[in-house]
Amino acid sequence: MTDGIVQLVPTAIVAGMFALFIFSGLRKRSSQATEYGFSGSYTGRVGIGAGIASNWMSAGSFLGLAGVFYMKGYFAMAYVVGWTGGYVLLLVLMASQIRRFGKFTAPDFVGFRYESETARTLAALISIIITVIYCVAQFRGIALLVSWLFGIAYIPAVIVGASLAVSFVVVSGALGANRNQKLQYFVLIITFILPLMLLTRKLGYFWILPQFGYGAAIGELQQQFGFNFSEPFASTTLFEWFALCFTLMFGTAGLPHVLSRFYMVPGIRDARWGVVWGLFFIALIYWSAPAYGVLARLFEARNGLPPQVGSADAADMVVITAAVLGGLPAWAVGLLAAGGMSAAFSTVAGLLMTGSASFSFDIYPRLIRPNASELDKSYAAKGFFLVLAAIVMVLTLQPWGMIAEIAAFAFALAGNTIFPAFLLGIWWPRANAAGAICGMLTGLMISFAPLLAGDRLPLLSHLFPLTSSAFIGAPLVMAVMIVISLLTSPPSAAIRLFVCRDVHNCHEE
Amino acid sequence: MDETSANKGFSFFKPRGATMRDEVRVIKLILSGWLIAIVGFQLIAYYLEASYSVLLLKNLTFFNLPLQFWLTGQFLPLWFIILCVLFNIWMDRHSAQSLEGSLRFRIKATSGEDE
């Protein structure tokens with residue numbers, strides 16, 4: 001995609017969109033600003049839902065998902081189901097209970113529930129690792145878009161993209177701009193669906209609901225080009241599908257930045273209904289994403305281009321490719337690029353800020369400098385923000401895989417560590433610190449085992465695939481937590497009483 | 001409730017108290033609906049592919065979209081939304097008085113920056 005041509009109109013649209021976000025944030029600055037980055041105006045249930053959805057939308061949803069459809073066909077449905085079904089788990093098992101703990105971050109929760117500084121620090125470390133992996137996926141998306149916009153190669157694009165992302169956070173932070181998440185969500189959904197409607201309309205399909213209209217493209221691909229979508233499990237096994245799907249669901253219910261939406265909502269009932277709206281807004285994107293992957297295939301087949309199934313870079317850019325090959329005007333392609341960019345930027349901003357806050361509150365004063373003052377902590381947060389961004393940038397230089405796959409690895413890690421700690425912490429008062437610490441360590445090992453020892457032990461990477469290890473991993477970690485908890489002394493009566501009475505309201509009648 | 005009753009313990013599979021028992025029953029129902037739909041649709045697609053070969057699945061289209069795309073890609077996310085709505089309606093009806101009463105952590109968005 002690097003043809004040395006600067007895409008002028010799309011670049012202008014991307015720049016304009018970021019100006020709009022900063023400007024609209026400035027207008028509301030008097031109302032609130034927090035250094036955590038997950039603040040937002042909670043006005044009503046739809047507003048909470050839009051906040052949940054825009055917090056969730058990342059380069060993985062905007063660019064990555066269509067890429068997996070392009071590359072792997074039906075297998076990518078595991079991402080759609082995993083990234084929506086996780087919210088059912090989150091809603092029924094965790095959302096309102098987390099709220100009743102009255103904590104602010106995942107390490108806070110773990111430290112309070114398990115009454116252990118070690119567990120808290122471990123949870124903070126794991127959150128930071130998850131942040132880094134998740135951000136690598138975002139930086140990859142940013143770099144690919146920058147590389148296309150400015151016509152430069154991938155490696156310099158990573159550096160340019162990273163500097164843009166860091167300066168965006170610094171500038172909007174310095175100006176005191178607040179994230180207007182409702183506006184951001186509605187901009188995202190329009191930039192994603194409007195070009196799709198234009199594309200399907202151009203093809204003469206049912207364009208009012210392109211989510212269904214793309215079926216015609218599947219039919220044409222099958223009849224005229226012999227490209228087959230009707231063998232869902234031809235190249236993958238049921239195990240691979242379920243492992244990925246359930247890993248993503250467990251990860252959704254364990255990602256610190258997703259959980260953080262539920263600590264601070266004003267009321268439990270609004271939080272619950274907010275999840276429904278959020279899920280609906282997320283589903284709107286996921287109903288549409290397969291269409292881009294399928295249409296890109298169709299345009300390539302029509303133009304006689306060979307499908308680039310070997311190239312992860314090309315696959316991650318299919319949303320743009322489909323729009324370009326479909327002959328959309330430059331402004332429409334620009335909208336798509338701007339939407340992808342803003343999805344990635346906002347995720348990066350939120351994650352890096354929570355990551356550095358977590359470092360400055362949970363790790364720095366406990367492990368590095370025991371008597372740090374508030375000023376020290378705030379310097380540590382700023383410094384660590386830059387360190388984190390630099391680590392992510394260096395990691396992004398490596399071609400690890402597709403955006404969605406890198407994101408899935410972060411989900412697997414969250415599903416193997418934070419998810420079991422929260423689930424048992426909420427539903428089983430007997431779970432204690434020793435169990436949680438051993439469980440989270442086991443989860444860490446399971447997640448990284450295929451990366452470190454997968455070559456020597458093929459069975460390991462077969463049972464715990466890098467992107468899908470939580471399917472077996474999470475139950476295994478929970479078993480470890482239960483066994484270790486039962487072997488060691490129970491947690492204090494106070495915390496058991498708290499979980500029983502205040503979290504679950506289990507009065508005997 | 002006193003400390004001795006906390007010592008008796010509870011868990012997801014051993015709920016205590018009428019409110020919690022009801023809640024856990026609904027959660028189990030919702031999660032069964034969730035699990036059966038996810039696993040069931042994949043088994044249907046797998047079974048059709050394995051036993052009737054490509055022919056049937058190729059022709060099993062509605063509005064040009066193959067059956068498995070409808071079931072998994074379009075219906076499952078919708079089904080999840082329906083499940084969440086059902087859960088919320090039930091929760092609103094049955095636990096309104098007891099749960100909303102225990103809202104002790106009323107936090108305004110402005111106070112999120114300390115801690």
Side-chain angles (χ1 to χ4, degrees), chain A residues 32 34-36 39 41-42 74 77 80-81 84-85 87-88 91-93 96 100 102 104 211-212 215-216 218-219 222 228-233 238 241-242 245 264 266-269 272-273 275-276 279-280 283 286-287 290 427-430 493 496-497 500-502 504-509, chain B residues 1 3 5-7 9-12 15-20 23 27 30-31 34 38-39 42-43 45-46 49-50 54 57-58 61 63-66 68-69 72-74 76-78 80-81 83-85 87-88 91-92 95-96 98-100 102-110 112-113 115:
Chain A
Q32 68 224 324
T34 94
E35 56 186 283
Y36 273 116
S39 71
S41 50
Y42 301 118
Y74 182 82
M77 283 294 177
V80 173
V81 177
T84 49
Y87 276 90
V88 179
L91 174 71
V92 302
L93 290 175
S96 50
R100 277 177 237 147
F104 289 98
Q211 292 85 352
F212 306 122
I218 294 184
Q222 261 168 12
N228 220 337
F229 279 96
S230 58
E231 289 179 73
F233 296 103
L238 268 179
W241 201 95
F242 283 129
C245 180
M264 300 198 295
I268 288 174
R269 198 185 270 215
R272 278 197 273 104
W273 284 102
V275 174
V276 176
L279 184 54
F280 171 69
Y286 290 168
W287 279 321
W427 287 101
W428 193 45
R430 182 68 176 77
R496 277 181 294 155
L497 191 64
C500 186
R501 194 181 55 193
D502 295 343
H504 289 293
N505 207 33
C506 56
H507 293 288
E508 290 288 9
E509 284 167 31
Chain B
M1 185 181 302
E3 295 209 354
S5 69
N7 283 334
F10 73 89
S11 74
F12 183 75
R16 287 245 320 271
T19 325
M20 193 186 172
E23 193 182 324
I27 292 177
I30 298 279
L31 286 185
W34 168 85
I38 297 169
V39 176
Q42 302 324 306
L43 291 183
Y46 187 79
E49 184 190 343
V54 196
L57 268 186
K58 203 177 234 170
T61 57
F63 210 62
N64 282 319
L65 211 54
Q68 71 273 20
F69 274 67
T72 309
Q74 311 290 353
L76 271 185
L78 184 66
F80 296 148
I81 296 174
L83 286 175
C84 289
V85 168
F87 178 76
N88 278 348
M91 287 291 278
D92 280 357
S95 55
S98 52
L99 293 189
E100 297 288 309
S102 68
L103 245 183
R104 278 172 304 277
F105 309 104
R106 204 162 269 282
I107 300 158
K108 294 192 191 93
T110 35
E113 58 203 79
E115 223 297 301

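Every chain is numbered from 1 and lettered A, B, ... according to where its sequence line falls, protein lines coming before strand lines.
- Annotation: B/Tyr46, atom OH; neighbour count of heavy atoms from other residues, nucleotides and ligands within 6.0 Å does not exceed 12.
- Taken to the nearest 0.5 Å, the CG atom of A/Leu91 stands 5.5 Å off from the CZ atom of B/Phe87.
- Only the side chain of B/Leu31 comes within less than 4.5 Å of a heavy atom of chain A; its backbone N, CA, C and O stay farther away.
- Annotation: side chain of A/Val81 is in contact with side chain of B/Phe80 (closest heavy-atom distance under 4.5 Å).
- A distance of 9.5 Å separates CZ in A/Arg269 from CG in B/Asn88, rounded to the nearest 0.5 Å.
- Listed by chain and number, the residues in a side-chain hydrogen bond (donor to acceptor under 3.5 Å, both in side chains) with A/Thr84 amount to none (sequence neighbours excluded).
- Using a 4.5 Å heavy-atom cutoff, the side chains of A/Trp427 and B/Ile27 are in contact.
- At a 4.5 Å heavy-atom cutoff, the contact between A/Val80 and chain B is made by side-chain atoms alone.
- Summarising the geometry, atom SG belonging to A/Cys245 is positioned 7.0 Å from atom CD belonging to B/Gln42; distances are rounded to the nearest 0.5 Å.
- Residues passing the side-chain hydrogen bond (donor to acceptor under 3.5 Å, both in side chains) test with A/Trp241, sequence neighbours excluded: none.
- At a 4.5 Å heavy-atom cutoff, the contact between B/Ile38 and chain A is made by backbone and side-chain atoms alike.
- The minimum heavy-atom distance linking A/Tyr74 with B/Thr72 is given by the pair OH-OG1, 2.7 Å.
- Heavy atoms of A/Phe280 lying under 4.5 Å from chain B belong to its backbone as well as its side chain.
- A pairwise comparison of heavy atoms in A/Trp273 and B/Asp92 identifies NE1-OD2, 2.7 Å as the closest pair.
- The structure places CG of B/Leu76 at 11.0 Å from CH2 of A/Trp287, a figure rounded to the nearest 0.5 Å.
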